Amino acid sequence: QVQLVESGGGLVQAGGSLRLSCAASGRTFSSYASGWFRQAPGKEREFVAGINWNDGRIAYADSVKGRFIISGDNAKNTVYLQMNNLKPDDTAVYYCIAGSSLNRAAGSYDYWGQGTQVTVSS
């Protein structure tokens, strides 16, 4: 079992930055792929960014590439999402996830955090 707890969401103006953190307990992230999904009102959950801890492979959604950076700290069992140049379209609940392999499909992940709200005002 893995428990995931997100933090760092909030309200920011367009063009601003936020950093999300996700702390894992129960098992170490090094056994998994981990990352972030988001869900905006009325929309399906979508893949944002992920990292495969075994080989360091990283993937981003096209909509965030060049603006968001995913990173992790094995010692702290924590994964981060640095979000820069935020846009109103980035407004969503952001979920930390962990699963056996890096995948863009939400159904591939066994573990989900409770979510943290990110709101970007124009």
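Because only heavy atoms are used, hydrogens play no part in the values below, and waters and symmetry mates are left out as well, while side chains stay in. All figures in this text were calculated on a predicted structure; none of them were measured in a lab.
- Pairs of residues two or more places apart, or lying in two chains, never qualify as salt bridge (charged side-chain N to carboxylate O under 4.0 Å, His left out) while including a residue from residues 92-112.
- Residues passing the side chain to side chain donor-acceptor pair (under 3.5 Å) test with Ser121, sequence neighbours excluded: none.
- Residues satisfying the side chain to side chain donor-acceptor pair (under 3.5 Å) test with Ser71, not counting sequence neighbours, are none.
- By the 4.5 Å heavy-atom criterion applied to side chains, Met83 and Trp36 are not counted as neighbours.
- In terms of modelled atom types and a separation under 3.5 Å, the side chain of Asn77 and the main chain of Ala24 share a donor-acceptor contact.
- Checking side-chain atoms of Glu6 against main-chain N and O of Cys96 turns up a donor-acceptor pair under 3.5 Å.
- Scored by the side chain to side chain donor-acceptor pair (under 3.5 Å) test, Lys65 finds Asp62 as partners (sequence neighbours excluded).
- Within the structure, every pair that satisfies the salt bridge (charged side-chain N to carboxylate O under 4.0 Å, His left out) test and touches residues 90-101, not counting sequence neighbours, is listed here: Arg38-Asp90, Arg67-Asp90.
- Residues passing the side chain to side chain contact (heavy atoms under 4.5 Å, CB included) test with Val12 are Leu18, Leu86, Val120, sequence neighbours excluded.
- Qualifying side chain to side chain contact (heavy atoms under 4.5 Å, CB included) partners for Ala105, counting only residues two or more places apart in sequence or in other chains: Asn103, Ser108.
- Residues meeting the side chain to side chain donor-acceptor pair (under 3.5 Å) test with Thr119, sequence neighbours left out: Gln117.
- Every residue two or more places apart in sequence or in another chain that forms a ring pair (Phe, Tyr, Trp, His ring centres under 6.0 Å) with Phe47 is listed here: Phe37.
- For Tyr111, the ring pair (Phe, Tyr, Trp, His ring centres under 6.0 Å) partners at least two apart in sequence or on another chain are Tyr32.
- Residue pairs satisfying the side-chain hydrogen bond (donor to acceptor under 3.5 Å, both in side chains) criterion with at least one member in residues 7-23, sequence neighbours excluded, are listed as follows: Ser17-Asn84.
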